Structures are given as C-alpha cells and as structure tokens.
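Not measured: the values here are computed from a predicted model.
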Amino acid sequence: MSRAVRAPFPPDRRGVASFPGPPGPSDAAFRGTGGARSGGASRAVTRTISDDPLGGTVRRTVLPSGLRVLTEAIPAMRSVSFGIWVAVGSRDETGPQAGAAHFLEHLLFKGTNKRSALDISSEIEAVGGETNAFTTKEYTCYYARVLDEDLPLAIDVMCDLVADSVLKPADVETERGVILEEIAMHDDEPGDEVHDLFARAVYGDHPLGRLISGTEETVTPMTRRQIQGFYRRRYTAPQIVIAAAGNLDHTAVVKLVRQALRGTPLDTDPAVPAPHRSATPAVRTRPATTLVEPKETEQAHVILGCPGIDRLDERRFALGVLNNVLGGGMSSRLFQEIREQRGLAYSVYSYASQYADSGLFAVYAGCAPGKVDEVLELTRAELGRVAADGLTEAEVARGKGMSKGSFVLGLEDTGSRMSRLAKGELLYGDLMPVDELLRRVDAVTVADVNTLAAELLSRPMSLAVVGPFGEGDFSAR
C-alpha cells in the first residue's frame with residue numbers, strides 16, 4: 001500500500017521534469033514573495049490566496065491548533081484529491097531511528113480506535129476511491145482520491161488514521177516483516193540502488209545520505225515504543241498541512257476536518273504553524289568520491305554528479321533550463337550523444353534534487369558493463385563543454401519551453417493540484433501563481449544559464465556505480 005520515495009525522481013518523471021519533487025508538478029512553483037502566517041488564535045483564520053484563471057479558487061485556513069487547510073475549488077471536476085502532509089521525513093531521524101518515518105507510514109494504515117486495517121481500505125474502495133502514502137527525506141504524505149460526493153468519507157478516514165492510529169504490537173511485527181521484504185526488493189533493483197549510493201557518496205553519514213526505508217540493521221531492533229514516541233513527538237498539528245483539490249467547498253472541508261480531528265491528539269491548544277524547514281546551516285557535503293557496489297548484473301548503473309543548489313535558490317529556474325537541455329528529454333545533449341548517435345545506453349538522463357539546505361545535480365546512465373568507460377568519458381566531456389562554452393540561445397529557448405510545458409501539463413489532474421498546494425505551504429511558506437512561475441521561467445537568460453553551468457559543472461564530481469565491478473576498478477577513472 002505504501003511506498004518510500006528514494007530516488008530523486010519517480011521512474012516516470014526522471015529526466016523530463018524541470019524541478020524535482022514527487023508527486024505533482026514542479027517544486028519551483030511553490031515559492032512566492034512570502035506572506036504573513038496566521039495562527040495561535042482561538043479561532044480559525046481564513047483567507048483567499050488566489051483565483052487563478054488556469055485553475056480554481058485557492059483558500060487557506062489556519063485552525064487554532066496551528067494545523068493548516070488549503071483547498072482549490074475546481075467545479076469542472078467530479079473528483080477530489082485529499083492529502084495530509086506532515087513535515088517529517090527520514091532526515092529527521094537519528095542514526096538508530098533510521099527508517100522510523102517510513103515504518104510509521106506503514107503502521108498508520110493498520111488500524112485506529114475506530115477502524116481496523118480492513119475498514120480503512122474497504123470503506124474507500126467501496127466507493128471506488130484509492131488511498132496511498134509515501135515517505136520522502138523531508139516530508140510524509142497520506143492521500144485519497146474519491147468522487148466529489150464521497151469527500152466527507154475520505155476526510156473522516158484519512159484524518160482518523162493519521163491522528164489516532166493505535167500501533168498494535170502485533171501490527172508492528174507484521175509490518176516489520178513487510179518492510180524488510182521491501183528493503184530486500186530494493187536491493188534487487190540496481191537502477192534504484194545506485195541513487196541511494198550516490199546520495200551516500202555526496203552526503204556520507206548525514207541523514208540526507210541514508211536510506212529512507214532504513215536498513216535491516218536499524219529496522220530489525222526498532223521497538224513499538226520508539227515508533228510510538230516518534231509518532232507523538234513529530235505528528236503535531238503545527239507540522240501538518242491538509243490539502244484538497246477538485247469539486248469542493250472550502251468551508252465544508254474545514255468543517256469536516258475539524259469534526260474528524262475533534263477529540264484526537266491533533267485537537268490541541270492554540271499554536272502557531274511551524275515555519276518551513278530552515279536552509280541554515282547548510283549541509284556539509286563530502287569531498288568528491290567514488291563508491292562501487294559490486295553486483296553481478298547484466299547492466300551497469302552509473303551516476304556522475306555533484307552538490308547542487310537548495311530549493312529556495314533563485315537560480316533554480318536557470319537550473320531547470322540547464323537540466324532540460326543537458327539530459328531532460330530525447331532532444332537533450334546527453335541523450336542524443338550517448339543513445340541516439342552511439343547506441344551506448346538505453347537510459348540516460350540528468351536530474352536535479354533540491355532540499356531545504358542542499359541539493360544534487362547528476363547524470364544517470366544504464367549501459368553494458370564493457371561500455372562504462374566510454375559512457376563516462378562522453379558524459380564528462382559533455383559536461384566540460386557546457387561548463388566552458390555554455391548553451392546556445394536556441395537551446396535555452398527549448399529548455400524554457402520544456403520547463404513551462406511540463407509544469408502546466410502537470411496541473412491537469414486533482415492530485416497534482418493538491419500536491420502543489422501542500423508543497424507550497426509546507427516547503428516554501430507561499431504559493432507562487434501559475435502565471436508568475438511562467439514569468440520567472442521566461443525571465444531566465446542565456447547568461448543566467450551559462451553562468452550557473454560554468455560554476456556548477458566545474459565542481460568535483462562524485463561517482464556511484466552498481467554492477468559487476470570491484471572496489472578498485474574505478475580508482476583511476
């Protein structure tokens with residue numbers, strides 16, 4: 001039912017999205033000019049954020065507890081996506097806790113004081129809806145998608161499982177086994193494993209370098225008491241954003257949320273919403289290094305990259321354009337050079353991951369083990385050319401078009417719009433209007449992109465490899 005988002009992009013978006021951040025449209029959409037936060041009062045405070053011509057009316061309510069509710073009313077839809085987003089991810093764990101956020105995500109679906117695990121799934125499925133959840137390094141999301149007429153049910157079920165799960169000891173043991181199987185399955189997928197290896201190459205023992213799922217060594221001894229403590233300390237009202245998009249009424253959604261949370265641990269004294277995660281101090285990254293995971297695979301999986309920029313860096317729009325041109329689609333330089341012209345790899349793409357206080361830029365390729373040297377040589381040469389000579393005006397124009405198109409097309413379902421609301425509030429503290437985002441992309445100049453390319457692509461590069469190699473095979477590469 002649930003999954004941990006480990007790689008910088010989900011598989012269907014790697015190499016094509018301008019600004020990473022699964023699920024939903026570009027993360028760059030979510031940073032505006034700021035805005036006063038309300039909260040800490042004895043009554044709910046509501047304001048209209050926007051009435052976007054490309055969408056619906058967006059409204060925001062801060063409950064007395066500090067929990068925030070954002071909605072986008074889209075009357076033309078017959079469905080609603082409803083999500084509960086918690087500003088807690090794997091980077092909030094200590095070393096011995098590694099995997100606690102993901103473990104908890106699994107457990108919340110196992111039953112509450114009102115519902116069993118079967119009740120949770122059957123009530124939503126009985127009306128044709130769907131539920132799921134995912135854990136990332138900086139937040140966790142629980143969501144449901146239902147017909148508009150079934151939104152009250154979805155709100156009641158999802159609020160119940162997030163606010164009032166019982167975490168039965170037997171369920172802890174059951175899900176421990178499930179998670180250990182998930183970890184083992186992940187180890188059998190070298191195309192995913194190499195992304196984790198690259199994160200470790202850059203971040204080392206910092207939480208951003210750890211597996212979201214944890215490891216067998218941390219998950220096996222984890223106790224119910226530890227998970228329960230993590231749950232009650234971290235899942236507090238000021239850390240939670242509820243978002244919904246589709247055919248809905250904001251006032252009705254707020255009323256239903258308040259009813260669903262009444263008497264639960266999230267029905268607390270007045271508080272102020274938590275600010276978005278601070279960018280200071282910046283994460284210290286490791287010197288460029290090479291990590292090899294020996295594995296008898298038919299294909300070698302390689303990532304070459306370096307530390308990037310954080311999610312609030314104004315250069316993120318230029319980075320999106322640069323990423324598109326370098327490895328963001330079939331017309332990109334890397335795809336054309338490595339796959340189309342030379343046939344050295346089936347999959348090759350670049351990507352940028354951005355966190356509150358750090359980021360990554362990297363190139364992935366999957367190729368025959370005997371072609372690794374040539375692929376790495378071509379990749380380094382292309383990155384060096386772009387760093388030295390920059391992109392052309394035509395390439396920048398194409399990269400900007402890809403950025404704008406991928407963002408707008410990504411808003412054509414309620415799930416993406418719900419995600420946009422939540423990420424704007426949770427990660428950026430504001431919601432950038434669609435027209436403003438498009439304007440910011442249009443404002444990117446050739447000089448902006450080439451200045452960033454010269455600085456970013458000249459950084460020492462780390463290398464991660466999963467395949468039939470030994471530890472010393474890449475020492476001189």
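In this structure the side chain of Val363 never reaches within 4.5 angstrom of the side chain of Ile303, judged on heavy atoms. Inter-residue side-chain proximity for Tyr139 and Val86 is flagged as unmet; no heavy-atom pair is nearer than 4.5 Å. The shortest distance between side-chain heavy atoms of Tyr364 and Val194 falls below 4.5 Å. The shortest distance between side-chain heavy atoms of Leu457 and Leu326 falls below 4.5 Å. Side-chain contact between Tyr346 and Arg339 is present, with heavy atoms from C-beta onward closer than 4.5 Å. Between Leu211 and Arg200 the shortest side-chain heavy-atom distance does not fall below 4.5 Å. The closest side-chain heavy-atom distance from Thr71 to Val58 is not below 4.5 Å. In this structure, the side chains of Arg68 and Leu70 come closer than 4.5 Å at one or more pairs of heavy atoms.
For His102 and Phe134, the gap between ring centers reaches or exceeds 6.0 Å.
A donor-acceptor pair under 3.5 Å is formed between the side chain of Asp267 and the backbone N or O of Gly263. Between the side chain of Gln336 and the backbone N or O of Met330, at least one donor-acceptor pair lies under 3.5 Å. Under the 3.5 Å distance criterion, the side-chain polar atoms of Arg316 are left unmatched by any main-chain donor or acceptor of Ile309. Judged by distance alone, with hydrogens and angles left aside, the side-chain atoms of Thr264 form a donor-acceptor pair with the main-chain N or O of Leu261 at under 3.5 Å. Formation of a donor-acceptor pair under 3.5 Å by the Gln354 side chain with backbone atoms of Asp310 is not found in this model. The closest donor-acceptor contact from the side chain of Asp150 to the backbone of Leu153 lies at 3.5 Å or more, if one exists at all. Proximity of a side-chain donor or acceptor of Thr451 to a complementary backbone N or O of Asp448 within less than 3.5 Å is not detected. Counting only distance, with no hydrogens or angles, the side chain of Asp160 and the backbone of Val157 share no donor-acceptor pair below 3.5 Å. Checking side-chain atoms of Ser79 against main-chain N and O of Leu147 turns up no donor-acceptor pair under 3.5 Å.
Atom CG of Asp187 is separated from atom CD of Glu182 by 11.0 Å, given to the nearest 0.5 angstrom. Distance check, rounded to the nearest 0.5 Å: CD1 of Ile120 to OG of Ser122 gives 9.0 Å. For the atom pair Arg417 CZ and Glu72 CD, the distance stands at 4.5 Å (nearest 0.5 Å). With rounding to the nearest 0.5 Å, the separation of CZ in Arg277 from CD in Glu138 is 4.5 Å.
Side chains of Thr135 and Glu105: a donor on one and an acceptor on the other come within 3.5 Å. A donor-acceptor contact closer than 3.5 angstrom links the side chains of Ser358 and Tyr203. With hydrogens and angles left out, the side-chain atoms of Asp171 and Thr174 include no donor and acceptor closer than 3.5 Å. His186 and Asp196 share a donor-acceptor pair across their side chains, judged by distance under 3.5 Å alone.
Taking every heavy atom of both residues into account, Val69 and His250 meet most closely at O-CE1, 3.7 Å. Shortest non-hydrogen contact noted between Val219 and Ala98 is CG2-O, 4.4 Å. Residues Arg91 and His206 share a closest heavy-atom pair of NH2-CE1, 3.7 Å. Of all non-hydrogen atoms in Gly308 and Leu456, the two that sit nearest each other are CA-CD1, 3.9 Å. For the residue pair Val80 and Leu248, the shortest heavy atom distance occurs at CG1-CD2, 3.9 Å. Between Arg258 and Ala44 the shortest heavy-atom distance is NH1-CB, 3.7 Å.
Screening Ile242, Leu256, Leu266, Asp164 for a side-chain contact (heavy atoms from CB on, under 4.5 Å) involving Cys159 leaves a single residue, Ile242. Screening Ser406, Ser350, Ser403 for a side-chain hydrogen bond (donor to acceptor under 3.5 Å, both in side chains) involving Asn324 leaves a single residue, Ser403.
Within 6.0 Å of CZ on Arg115 lie more than 12 heavy atoms contributed by other residues, nucleotides or ligands. More than 12 heavy atoms of other residues, nucleotides or ligands lie within 6.0 Å of CD in Glu173, so this atom counts as buried by the packing criterion.
With sequence neighbours excluded, the residues satisfying salt bridge (charged side-chain N to carboxylate O under 4.0 Å, His left out) with Arg439 are Glu436.
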Review point. Passes ring-ring contact (aromatic ring centres under 6.0 Å, His included), Tyr351 versus His195? Steps please.
Key: CA-CA 11 Å; Tyr351 64 86; His195 290 279; 5.4 Å; yes

Practice item. Would you sort out whether Ser81 and Tyr143 count as a side chain to side chain contact (heavy atoms under 4.5 Å, CB included), showing the intermediate values? Key: CA-CA 7 Å; Ser81 290; Tyr143 64 93; over 6 Å; no

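A salt bridge links Asp442 to Lys404: at least one charged side-chain nitrogen sits closer than 4.0 Å to a carboxylate oxygen. Ionic pairing of Glu395 and Arg333 is present here: one or more N-O contacts between side-chain nitrogen and carboxylate oxygen are shorter than 4.0 angstrom. Between Lys114 and Asp156, at least one side-chain N (NZ, or NE/NH1/NH2) sits under 4.0 Å from a carboxylate O, which counts as a salt bridge. Salt-bridge check for Lys168 with Glu175: failed, with every basic side-chain N at 4.0 Å or more from each acidic carboxylate O. The pair Arg210-Glu93 does not meet the salt-bridge criterion, since no charged nitrogen lies less than 4.0 angstrom from a carboxylate oxygen.
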